[in-house]
Amino acid sequence: MKSKIDEIIEKQNNTDRSDLLDVLQEIQVIEGYLSEEAIIKTSQYFKLASAKIYGIASFYDHFKFVPQGRFHIKVCNGTACHLANTSNLRKEFEKILKIQHGQCTRDGMFSIEYVPCMGACGISSVISINEEYYSSVKPSDVKDMLENLRNTDDRID
Amino acid sequence: MENNIQFLKEKVLLNETLSFSKEVEERIKILKHEKTTKPVIFVGASSCGYVAGAQKTIDAINNYILENNISVDVVKVGCIGICALEPIMDVQLPGMTRVSFKKINAENVASVLDGVFNNSIVNECVLGQYRQKNLQAWENVNFIDEVDFFAGQKRIVLELNGIIDPENIEAFIAHGGYRAFIKTIYHYTSNEVCKIIEKSELRGRGGSGFPSGKKWKIAHDNAADQRYLICNANESDPGAFMEKSIIESNPHKLIEGMAIAAYGIAASKAYIYIRADNKLAIERFKKALEQAKAFGLLGENIFDSGFNFEIIIKKGPGAFVCGEETAMLNSIEGKRGMPRYRPPYPTERGLFGKPTIINNVETLCNVPQIILNGPIWFNTIGTKASKGTKVFTLSGKINYNGIIEVEMGKSFEDIIFKIGGDVKDNKQFKAIQLGGPAGTCLVKENINIVVDYEELNSIDAIMGSGSIIVMDEKTCIVDITKFYINFIQHESCGKCIPCREGTQRMLEILEKITKIPKDEASHQTLERFKGVMQLESIAEVIKDTSLCGLGKTAANTFLSSLKWFRDEYEEHIFDRKCKAGVCKELRTFFIDVDKCTGCNACMRKCPENAIIGTIKYPHFIVESKCTGCGICFETCKFSAIFIK
């Protein structure tokens, strides 16, 4: 059976290196991360060493090499949010979920990422969970927020 | 009647005189929503609006319309700039001027709309009404250009932001869009375009302020079979979001600017390198490209002029250093985004080895107006050496954070205290950080300096990315420097050792001085002190020996903050105190016995069990146990806890 990665690669009509990042981005959108398989397949297609592909991908912040959680939490780490004490907020997330930036909890529920300015500095601190924004978040809100997310997920199942 | 596309193409775009027949003018007015038969509601729907809850506002408006069974057009517009007051909703009734309301959420939508439709406006929500000719103004409602935030601005780039629907090319053309492009391809040669821009003295808004016309001319005069134009929209400065906002609010303006620039350097292909995070901006830009193509404003043989032009979107996978022009070239070519040696400059050998021009969003957005009104007009705006306007992002501890555009020559004092509406919560002003992580800080002593490339150079400051972060007395300068150095250290590409290793060392030292060493006797203390002595020299070395702009400016924040706040650094190093009470390990909390009611809330929350006391009697904090986490401070409802 053809995998989604194959489909994306076959869609390309040339092996021009300038398309490399676009292909990797597209794979990441669909798969959520770049697996070993994805890197090897792209390297075969572009006729570049897989180490080189990994070297390029790991240079950029966007490419992930581990799957994201069901709830991907982005915490704004812009200057205005920093002034609004986001470091406490980050610590709270790290403390409760016991994971660091770029990691995912063992049950695959949550992953966190710190991103530069989201452009909503007036209502910092800002976080986004699966692209839905929450503003003026305080460290004390975190526990309930995560609990709620856990519950909503159970209902879907 | 012909459809809108035909009408706009034949009667508006191809009519080069500015006089339209009455019939045409009426139709333009309809497209501009100035003449309406039913009420129109505009909602600010760009990133800042959505984060503030614009979607809920839109849903509430739709509900209101359904419930009251009225016929209303709801139009999504971009951001007008005053992000602190989002979600913003404008209402235009037939025959009346457009009124803008601030902070409209699902709860107060109904009452505000009730007021408008019954001709009695709820005043506390009003931002202001627009000045529109031939329309009846509301009584007792102030005009929007009288609001301090807008009164001090001069909007050229942001002219239509927040006013028109960014996803509607018809509205843009009705407001005079794409006329400059048509004028260019019909009346000017590429050489003439370069000359006009050179004469206008437009300077690159990306940071260093290189004359754009000169740059175009060099690329234009380099013989090549293919040239490229790149629009740099890789805005990654933590605290700048104006490029994102410009694209979200008026993508067509950028397309027009890019098209003219490409014509000027005789390039048929352009790239826009935009950070992949900015999903809404990418989506709107894509839509705008499709619309422009459908209009025949992009593609082959545009309007029978023989000019071919296409724009390709490249999504930047998140690297700050890719804002540096040669690093961006590498990234577009599918390599690691590391800077190249210059020369050869991109204008000689850039993308794929061809002459390439890289301009940022704001620069390109200035171009259409210059073509339309002529270079002399542009020359009259601004100061002697810096013409035109500059867009800034205003954020941090300020009342009106958002995006502003001011004429060159305006003082930063005016920007902060008039346009920005002073420091938040009536705190004391401490400093502003101008230009993000690569920038410098301005303090009370030199805040009266004006926006001008040369003036800023004279005090070793740079315009940089154009972000202004306001800091109040409760901001620790060492902490904010540490934040920026941490950012630079993370974003350093690793090519040059001074930048890669030096920023790492600087971060380590800054981390050490914001902590109390565990053991005074061991070599830790000595290391700490040695580090402190080296900090300044490391910064100088990084500045002198790095290759690209990121490295060269990496230490700016530190050096400028050291210049103005040496006492604060010394206080951290020698006294181990943080006056602002930000550095956690250097602060201790105390309880005000008079204010404490003994509610026990702080005691229960304290993770270190450092608070003792009995209920209904004042509590105490055991100093030796306190780690300075600040949880008690946030918990206390009686502000009985303070930092000493």
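What you see below is based on every heavy atom in this structure, not just the backbone, and it leaves out hydrogens, waters and symmetry mates.
Contact of the B:Met338 side chain with the B:Val321 side chain is not registered, since no non-hydrogen atoms from C-beta on lie closer than 4.5 Å. A:Leu146 places a side-chain heavy atom less than 4.5 Å from the side chain of A:Ile73.
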- Task: Apply the test side chain to side chain contact (heavy atoms under 4.5 Å, CB included) to residues B:Ile82 and B:Ile88: give CA-CA distance (whole Å), side-chain angles for both, the deciding distance (0.1 Å), then the verdict.
- Result: CA-CA 9 Å; B:Ile82 190 156; B:Ile88 287 174; 3.5 Å; yes
- Task: With side chain to side chain contact (heavy atoms under 4.5 Å, CB included) as the test, would you mind laying out the steps for B:Ile469 and B:Ile398 before giving the verdict?
- Result: CA-CA 8 Å; B:Ile469 310 274; B:Ile398 191 152; over 6 Å; no
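With hydrogens and angles ignored, the 3.5 Å screen pairs a side-chain donor or acceptor of A:Ser111 with a backbone N or O of A:Gly69.
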Kindly provide each donor-acceptor pair between chain A and chain B shorter than 3.5 Å, listing atom names and distance.
| unit_1 | atom_1 | unit_2 | atom_2 | d |
| --- | --- | --- | --- | --- |
| A:Arg17 | NE | B:Gly334 | O | 3.1 |
| A:Ser18 | O | B:Lys314 | NZ | 2.5 |
| A:Asp22 | OD2 | B:Lys314 | NZ | 2.6 |
| A:Gln25 | NE2 | B:Lys315 | O | 2.7 |
| A:Gly55 | O | B:Arg336 | NH1 | 3.0 |
| A:Tyr60 | OH | B:Ser331 | OG | 3.0 |
| A:Tyr60 | OH | B:Lys335 | O | 2.8 |
| A:Tyr60 | OH | B:Gly337 | N | 3.1 |
| A:Asp61 | N | B:Gly318 | O | 3.2 |
| A:Asp61 | OD1 | B:His490 | NE2 | 3.4 |
| A:Asp61 | OD2 | B:His490 | NE2 | 3.3 |
| A:His62 | N | B:Pro317 | O | 3.2 |
| A:His62 | NE2 | B:Asp277 | OD1 | 3.2 |
| A:His62 | NE2 | B:Asp277 | OD2 | 3.4 |
| A:Thr79 | N | B:Pro238 | O | 3.2 |
| A:Thr79 | OG1 | B:Pro238 | O | 2.2 |
| A:Thr79 | OG1 | B:Tyr484 | OH | 3.4 |
| A:His82 | NE2 | B:Asp479 | OD2 | 2.9 |
| A:Asn88 | OD1 | B:Lys584 | NZ | 2.4 |
| A:Asn88 | ND2 | B:Glu634 | OE2 | 3.3 |
| A:Met118 | O | B:Lys244 | NZ | 2.7 |
| A:Gly122 | N | B:Asn401 | OD1 | 3.3 |

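Between A:Ala38 and A:Ile27 the shortest heavy-atom distance is CB-CG2, 3.9 Å.
If you tally non-hydrogen atom pairs under 4.5 Å between each of B:Pro238, B:Gly334, B:Gly318, B:Pro317 and chain A, the highest count goes to B:Pro317. Of the residues considered (B:Ala319, B:Gly337, B:Gly49, B:Gly396), B:Gly337 shows the highest number of contacts with chain A, using heavy-atom pairs under 4.5 Å. Top candidate by heavy-atom pairs under 4.5 Å with chain A, chosen from B:Cys493, B:Ala84, B:Cys83, is B:Cys493.
A:Phe93 and A:Phe110 have their aromatic ring centers separated by at least 6.0 angstrom.
Within the 4.5 angstrom heavy-atom criterion, only side-chain atoms of B:Phe352, from C-beta onward, approach chain A. Contacts of B:Ile332 with chain A are made by backbone atoms alone, with heavy-atom separations under 4.5 Å and no side-chain atom involved. The part of B:Val470 that comes within reach of chain A is its backbone (N, CA, C, O), which places non-hydrogen atoms under 4.5 angstrom from that chain.
Residues passing the side chain to side chain contact (heavy atoms under 4.5 Å, CB included) test with A:Glu10 are A:Lys2, A:Asp6, sequence neighbours excluded.
Separating the CD1 atom in B:Ile631 from the SG atom in B:Cys636 is a distance of 14.0 Å, to the nearest 0.5 Å.
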